[in-house]
Amino acid sequence: MEQHVKTRPDAAAGFFAAEAAGLRWLAEAGGARIAEVIEVADRRIVLERIAEARPSAEAADAFGAALAATHDAGAEAFGSPPPGWTGDIFIGSRPQPARPKPTWGVFYAAQRVEPFVPIALAAGNLSASGAEVVDRACALIAAGAFDDDEPPARLHGDLWAGNVLWGEEGVVLIDPAAQGGHRETDLAMLALFGCPFLERIVDAYDRVRPLRDGWSERVPVHQLHPLAVHAAGHGPSYGRALVDAAEQTLALG
């Protein structure tokens, strides 16, 4: 098996171990194909190398159905990390809490959006007035405005197009922030930065595991997390996008 080695001399404690735990947990679901972990150490991880190919409609259809199966494998709670892992998980290089909660809104507001707001403020990427809008949206979410009766899904957690590899045998996922969450969050992140054949992916997903009414209107709610992460370190345009998503969230409430 050809190998791909990722190294990071400044990796935080547990950085690659958390990634490996997430990859293995997602692979156990038997849904979407996940890059195999060959070896993991404090400053490196060794994965199978994926031979990339051109995206195709057929691969998109298969991936959509497989992602639904991954989500259906479930998690113990909202915010739960991969089994056997304790402590923070990571999105990109940033740590984020992974503390199980019984309801999605409380988990999502406190652990996926709010931690990044003061960082974005300090970086000058989010205004004080914008932060206040985000705080109000988080309060609405935490109060349960978007909670439903769906059980925690097994999420990739950082499902943007760069972590979706189109391989010779179909889509393979890499670099997760695996956790228990709401399945709409993965789909919303997939849409945020664009993905080849996105409509085919979502349609195939919906055929296997029908999405709840109004899911497309709730996309801004679920994009608050990745937008907050990007506002923390990638410029004021993301701060403005975060505030816009927060305003749309408030309008839905």
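Both backbone and side-chain heavy atoms feed into the values below; hydrogens, waters and symmetry mates do not.
- Scored by the salt bridge (Lys or Arg N to Asp or Glu O under 4.0 Å) test, R8 finds D10 as partners (sequence neighbours excluded).
- Considering all non-hydrogen atoms of both residues, V171 and F63 come closest at CG1-CD1, 3.6 Å.
- Here the side chain of N125 pairs a donor or acceptor atom with the backbone of A231 at under 3.5 angstrom.
- In this structure R207 satisfies the side chain to side chain donor-acceptor pair (under 3.5 Å) test with no other residue, sequence neighbours excluded.
- For the atom pair CG (L242) and OG (S237), the distance works out to 11.0 Å, reported to the nearest 0.5 Å.
- Note that CD1 of I89 is 12.0 Å distant from CD of E19, once rounded to the nearest 0.5 Å.
- In the hydrophobic clustering of ILVMFWY residues, with side-chain heavy atoms under 4.5 Å counting as a link, V106 and V117 come out apart.
- Applying the ring pair (Phe, Tyr, Trp, His ring centres under 6.0 Å) test to every pair with at least one member in residues 233-253, sequence neighbours left out, gives these pairs: H230-H234, H230-Y238.
- When all heavy atoms of R154 and A73 are compared, the closest pair comes out as NH2-O, 3.4 Å.
- A65 and V208 make their closest contact through CB-CG2, 3.7 Å (heavy atoms, listed as atom of the first residue, atom of the second, distance).
- The side chain to side chain donor-acceptor pair (under 3.5 Å) search around E217 returns none, not counting sequence neighbours.
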In sequence, state the C-alpha distance, the side-chain angles, and the governing distance for F146 and L252, and then conclude on side-chain contact (heavy atoms from CB on, under 4.5 Å). CA-CA 9 Å; F146 304 100; L252 289 173; 3.9 Å; yes
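- Across all non-hydrogen atoms, the minimal contact from A246 to V133 is CB-CG1, 3.8 Å.
- The cluster map of Ile, Leu, Val, Met, Phe, Trp and Tyr, joined by side-chain heavy atoms under 4.5 Å apart, puts I174 and F15 in different clusters.
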Side-chain donor-acceptor distances from residues 180-201 under 3.5 Å, at least two apart:
from: H182; atom 1: ND1; to: E184; atom 2: N; distance (Å): 3.1
from: H182; atom 1: NE2; to: D148; atom 2: OD2; distance (Å): 2.9
from: R183; atom 1: NE; to: E150; atom 2: OE1; distance (Å): 2.8
from: R183; atom 1: NE; to: E150; atom 2: OE2; distance (Å): 3.2
from: R183; atom 1: NH1; to: Y205; atom 2: OH; distance (Å): 3.3
from: R183; atom 1: NH1; to: R209; atom 2: O; distance (Å): 3.2
from: R183; atom 1: NH2; to: E150; atom 2: OE2; distance (Å): 3.1
from: R183; atom 1: NH2; to: P210; atom 2: O; distance (Å): 2.7
from: E184; atom 1: OE1; to: R218; atom 2: NE; distance (Å): 3.1
from: E184; atom 1: OE1; to: H222; atom 2: NE2; distance (Å): 3.2
from: E184; atom 1: OE2; to: R218; atom 2: NH2; distance (Å): 2.8
from: T185; atom 1: OG1; to: H182; atom 2: O; distance (Å): 3.3
from: T185; atom 1: OG1; to: H222; atom 2: ND1; distance (Å): 2.7
from: D186; atom 1: OD1; to: G157; atom 2: N; distance (Å): 3.1
from: D186; atom 1: OD2; to: H71; atom 2: NE2; distance (Å): 2.8
from: D186; atom 1: OD2; to: H156; atom 2: N; distance (Å): 2.9
from: R200; atom 1: NE; to: D61; atom 2: OD1; distance (Å): 2.9
from: R200; atom 1: NH2; to: D61; atom 2: OD1; distance (Å): 3.4
from: R200; atom 1: NH2; to: D61; atom 2: OD2; distance (Å): 2.5

Pair up each side-chain donor or acceptor in residues 22-34 with any protein partner under 3.5 Å, not counting sequence neighbours, and list the distances.
from: R33; atom 1: NH2; to: E48; atom 2: OE1; distance (Å): 2.8
from: R33; atom 1: NH2; to: E48; atom 2: OE2; distance (Å): 3.4

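- The shortest heavy-atom contact between G14 and W85 is O-CH2, 3.4 Å.
- D158 contributes no side-chain N or O that, together with a main-chain N or O of I91, makes up a donor-acceptor pair within less than 3.5 Å.
- Side-chain atoms of R49 never come within 3.5 Å of backbone atoms of H4 as a donor-acceptor pair (strictly under, hydrogens ignored).
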From CA spacing to verdict: side-chain contact (heavy atoms from CB on, under 4.5 Å), L47, I38: CA-CA 5 Å; L47 306 172; I38 298 170; 5.9 Å; no
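- Using a 4.5 Å cut-off on side-chain heavy atoms (C-beta onward), F107 and R112 make contact.
- Qualifying salt bridge (Lys or Arg N to Asp or Glu O under 4.0 Å) partners for E132, counting only residues two or more places apart in sequence or in other chains: R136.
- Q111 contributes a side-chain N or O that, together with a main-chain N or O of R99, makes up a donor-acceptor pair within less than 3.5 Å.
- Linking ILVMFWY residues whenever their side-chain heavy atoms come closer than 4.5 Å, directly or via other members, leaves V172 and V46 in distinct clusters.
- Not counting sequence neighbours, R94 has no partner by the side chain to side chain donor-acceptor pair (under 3.5 Å) test.
- By the side chain to side chain donor-acceptor pair (under 3.5 Å) test, S56 pairs with no residue at all, sequence neighbours left out.
- Contact annotation: the side chain of L67 approaches that of L159 to within less than 4.5 Å [non-hydrogen atoms, C-beta and beyond].
- Hydrophobic clustering keeps V219 apart from W104 (ILVMFWY residues linked when any side-chain heavy atoms are closer than 4.5 Å, directly or through intermediates).
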Do any side-chain atoms of residues 75-82 form donor-acceptor pairs under 3.5 angstrom with protein atoms, and if so which ones, sequence neighbours left out?
from: S80; atom 1: OG; to: A77; atom 2: N; distance (Å): 3.4
from: S80; atom 1: OG; to: A77; atom 2: O; distance (Å): 2.9

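- Within the 4.5 Å cutoff, the side chain of K101 has no heavy atoms near those of the Y108 side chain.
- Residues L224 and I141 are in side-chain contact: their nearest non-hydrogen atoms beyond the backbone lie under 4.5 Å apart.
- Taking hydrophobic clusters as Ile, Leu, Val, Met, Phe, Trp and Tyr residues chained together by side-chain heavy-atom distances below 4.5 Å, V164 does not share a cluster with I50.
- Each salt bridge (Lys or Arg N to Asp or Glu O under 4.0 Å) pair with one or both residues in residues 226-238, not counting sequence neighbours, would appear here, but there are none.
- In this structure, the side chains of L173 and L165 stay at 4.5 Å or more apart for every pair of heavy atoms.
- Closest of all the heavy-atom pairs between V243 and G130 is CG2-CA, 3.5 Å.
- Within the structure, the salt bridge (Lys or Arg N to Asp or Glu O under 4.0 Å) test picks out the following pairs touching residues 169-179 (sequence neighbours left out): K6-D175.
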